[in-house]
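Just below is one structure, and these are the notes that go with it.
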There are 2 protein chains.
Amino acid sequence: MSTIEDVAKLAGLSRTTVSRVINNHPYVSEEKRKLVMEAMERLGYVPNSSARSLRSQKTELIALFVPRIMNPFFSQLVESMEIAAAEHNYQLIICQTRYSSEKELNYMNLLKTKQVDGVILASIQNDWEVLEPFLDYGPIVLCNEFDEQANVPSVMLDQVHGGYIATKHLLEQGHRRIAYCRGSTRSNVANHREIGFRKALSEYGIVFDEQYAFRDTLHSEDGRRVFHRMLSLSEPPTAVFTGSDEVAAGIISEAKKHGCKVPDHLAVVGFDNQAITQLMEPTITTVHQPVEKMAQKALEVMIEKIHSRTYRQREIYKFPLKLIIRGSTVTNKLAKL
Amino acid sequence: MSTIEDVAKLAGLSRTTVSRVINNHPYVSEEKRKLVMEAMERLGYVPNSSARSLRSQKTELIALFVPRIMNPFFSQLVESMEIAAAEHNYQLIICQTRYSSEKELNYMNLLKTKQVDGVILASIQNDWEVLEPFLDYGPIVLCNEFDEQANVPSVMLDQVHGGYIATKHLLEQGHRRIAYCRGSTRSNVANHREIGFRKALSEYGIVFDEQYAFRDTLHSEDGRRVFHRMLSLSEPPTAVFTGSDEVAAGIISEAKKHGCKVPDHLAVVGFDNQAITQLMEPTITTVHQPVEKMAQKALEVMIEKIHSRTYRQREIYKFPLKLIIRGSTVTNKLAKL
DNA sequence: TCCGAATATGAAAACGGTTTCAAAAACCTG
DNA sequence: CAGGTTTTTGAAACCGTTTTCATATTCGGA
């Protein structure tokens with residue numbers, strides 16, 4: 001394992017000059033540059049990144065916090081973020097909080113120990129006042145998830161609008177008893193969708209009915225459970241808005257199993273526009289989220305913060321959501337394609 | 001940002017003693033240990049990990065190579081691996097090769113630059129002779145994917161058996177014209193499954209028919225395409241074995257759309273036992289892979305290699321696969337549950 | 001009581017780079 | 001050609017730990 005010293009010796013130059021060549025600094029004569037390049041080549045030299053990080057105080061590593069990767073929405077986010085990071089010569093460290101505030105807090109130490117240059121939170125499990133002090137050690141950027149108190153950049157989607165257009169679509173189809181499945185209780189994303197949901201209802205003069213609200217629905221199994229609980233109501237809903245395509249798929253699957261026709265007996269709207277929406281029969285009406293754009297933006301903002309070294313600044317970058325109408329809400333054959 | 005020096009000064013001791021306390025070394029009196037702990041507490045001291053890595057020559061980071069995260073099989077692998085890593089106080093760096101040999105080679109430099117302690121390959125895009133030289137810089141462990149030439153530990157699944165039991169099941173259901181969809185052309189996992197597929201066929205005296213073979217099928221869209229190509233054959237197959245549940249789902253979705261009944265007109269076997277197998281109608285017969293166990297084992301082996309510092313040793317750890325029979329191959333109502 | 005072993009502590013070297021600072025050489029400009 | 005600027009180079013400091021080595025103290029057994 002050769003060091004910069006070995007290269008310097010072989011080239012008959014100083015460490016400094018070798019370092020200059022490595023880092024493309026100006027003021028190195030073409031002649032010496034060549035000597036250095038040759039020596040590096042001959043020795044198969046590669047700079048040690050720990051040594052680099054120690055001196056230059058940067059690791060080129062960014063930590064990405066997600067609740068769990070298996071959730072297709074977060075898979076997509078991680079995938080997009082990794083690609084964006086690679087393009088900027090950063091590596092991504094994955095941190096699964098598994099919805100646990102302790103795990104999140106524990107991973108936060110990556111920032112304290114300077115193991116990463118910054119943290120991107122796509123999920124928040126602690127109150128902001130708990131997270132805020134970590135800003136002493138490096139930048140935090142929120143991506144998708146957000147917090148009203150947070151004095152940091154947030155790259156997010158217009159979830160209020162998302163909840164609104166999905167619900168309005170159901171209302172326009174004539175539905176009046178609409179159930180609502182939301183995700184994690186403490187998620188602000190889910191909160192905003194609920195605001196949009198309520199807004200649409202109120203425009204139609206409908207009051208939010210608590211018996212139609214289901215919380216902490218995350219997987220297809222939750223969807224199946226919700227279907228049965230809906231069925232057991234004295235006045236079952238004729239439509240349901242869900243916080244994820246998986247939950248929607250679970251509901252549809254269970255509905256079909258019990259002879260309940262979708263969308264005729266029960267219309268279903270998903271969220272995320274995952275692959276499954278095109279595979280289910282009927283295909284699932286859903287809300288498309290520009291995950292890739294959001295990930296790219298979050299990464300850009302993060303890099304900017306790393307360089308500018310100003311971490312405590314609230315900034316909002318918001319992207320729009322789009323309703324995609326498919327078979328689970330309309331019988332129109334054309335829409336099914 | 002306080003350093004170990006600050007702690008030492010505040011405690012009235014040397015850096016050495018503080019370091020001993022941090023690393024739980026013996027030969028520190030209880031009295032001094034307390035002094036150090038107090039000083040660390042007071043200053044909110046956390047050791048700098050770059051400095052640590054530089055001196056101790058270990059980063060506690062492991063790179064995991066996958067083609068892409070969105071593929072549910074790899075999502076699951078990453079998720080399990082991250083959990084296993086966290087339990088051993090390691091962090092995971094995600095590297096998506098996107099089926100590109102250059103990207104893979106590029107990421108391999110993480111080992112050279114000592115940015116990671118080891119590399120786990122769940123996907124291989126280069127010939128082994130290209131990868132082998134990197135063993136000079138650290139351990140490589142193969143996980144799921146493998147290479148006949150590789151002189152390193154491989155944690156894998158019995159893919160030959162997987163292909164065999166899935167195909168045998170179709171044969172037992174009376175099918176004789178069985179199509180075969182495999183994944184990436186250069187994948188040995190796919191190769192082994194094909195061996196198992198052929199073995200089952202030959203036991204029934206059937207010769208492998210190239211017109212029934214479809215290569216590089218990865219997504220549900222590929223499945224849809226395959227369905228149409230199968231349909232256009234003079235003697236369409238009555239069953240199809242696929243290398244992934246997504247492809248199976250794509251075939252089933254397209255079949256249903258065109259009035260082709262599954263399993264009556266076409267039986268379909270998937271692979272991976274992903275969530276979608278329970279959501280499709282019919283549910284999908286598939287092969288369950290013990291991904292979590294495999295990930296845990298791979299990580300354990302990796303850590304063992306990091307410590308033992310012997311990297312060039314071929315070792316095979318093989319886990320069994322299990323066929324799960326569902327509605328896409330049998331009409332029996334019971335099996336559908 | 002004496003001596004070797006175990007315990008306890010610190011000074012200094014080492015890890016492998018980058019950055020600062022100083023100085024030498026080359027280049028202008030009037 | 002004097003004097004200033006730009007280009008080129010290297011010595012040494014520095015980043016913040018861990019490790020090595022030396023030394024001092026305490027302990028246990030003969």
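Chain naming here is simple, since letters A, B, ... match the order of the sequence lines and numbering starts at 1 in each.
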For atom NZ of Lys112(A) and atom P of dG16(D), their distance in whole Å = 17 Å
Interatomic distance, Ile22(A) CD1 vs dG16(C) C1' [rounded to whole Å] = 10 Å
Degree of bending in the helix from dT1(C)-dA30(D) to dG30(C)-dC1(D) once both end axes are built from five pairs, to 10° | 30°
Interatomic distance, Asn23(A) CG vs dT19(C) P [rounded to whole Å] | 7 Å
Are any of Ser29(B)'s side-chain N or O atoms less than 4.0 Å away from OP1 or OP2 of dT9(C)?
-> yes
Quick tally for nucleotides 10-15 of chain D: nucleotides whose base has a protein heavy atom under 4.0 Å get B, sugar-phosphate-only ones S, the rest -, giving BBBBBB
Please determine if Glu82(B) and Arg68(A) form a salt bridge, counting it only when a charged side-chain N lies under 4.0 Å from a carboxylate O.
-> no
For atom NZ of Lys114(B) and atom P of dG16(C), their distance in whole Å = 10 Å
Would you confirm whether Gln125(A), through its side chain, and Thr97(A), through its main-chain N or O, come within 3.5 Å as a donor-acceptor pair?
-> no
Return yes if some donor-acceptor pair links the side-chain N/O of Thr113(A) with the main-chain N/O of Ser49(B) below 3.5 Å, else return no.
-> no
Looking at Arg312(B), Lys114(B), Lys112(B), which one forms a salt bridge (charged side-chain N to carboxylate O under 4.0 Å, His left out) with Asp136(B)?
-> Arg312(B)
Do Arg186(B) and Asp147(B) meet the salt-bridge criterion of a basic N to acidic O distance under 4.0 Å?
-> no
Starting at atom CD of Glu30(A), determine the distance to atom C1' of dT8(D), rounded to an integer number of angstrom.
-> 13 Å
Report the residue from Val119(B), Val152(B), Ile120(B) that forms a side-chain contact (heavy atoms from CB on, under 4.5 Å) with Leu142(B).
-> Val152(B)
All N/O pairs under 3.5 Å across the protein-nucleotides 3-6 of chain D interface:
none

Would you kindly give the NE2-to-P distance between His25(B) and dT7(C), to the nearest whole Å?
-> 16 Å
Looking only at side chains, do Ser80(B) and Gln296(B) share a donor and an acceptor under 3.5 Å apart?
-> no
Hey, what's the ring geometry for His192(B) with Phe146(B), parallel, tilted or perpendicular (30° and 60° as the breaks)?
-> tilted
Rounded interatomic separation in angstrom, taking NZ from Lys58(A) and C1' from dT18(C) = 10 Å
Test Lys34(B) against Glu41(B) for salt bridge (Lys or Arg N to Asp or Glu O under 4.0 Å), laying out the working first.
-> CA-CA 10 Å; Lys34(B) 258 202 188 120; Glu41(B) 180 73 21; over 6 Å; no
Lys/Arg cation over aromatic Tyr317(A): Lys297(A), 6.0 Å, 45° cone | yes
Would you indicate whether Glu292(A), at its atom CD, is surrounded by more than 12 heavy atoms from other residues, nucleotides or ligands within a distance under 6.0 Å?
-> no
Given dT9(C), is OP1 or OP2 found less than 4.0 Å from the side-chain N or O atoms of Lys32(B)?
-> yes
Rounded to the nearest angstrom, tell me the gap between atom CZ in Arg52(B) and atom C1' in dG16(C).
-> 19 Å
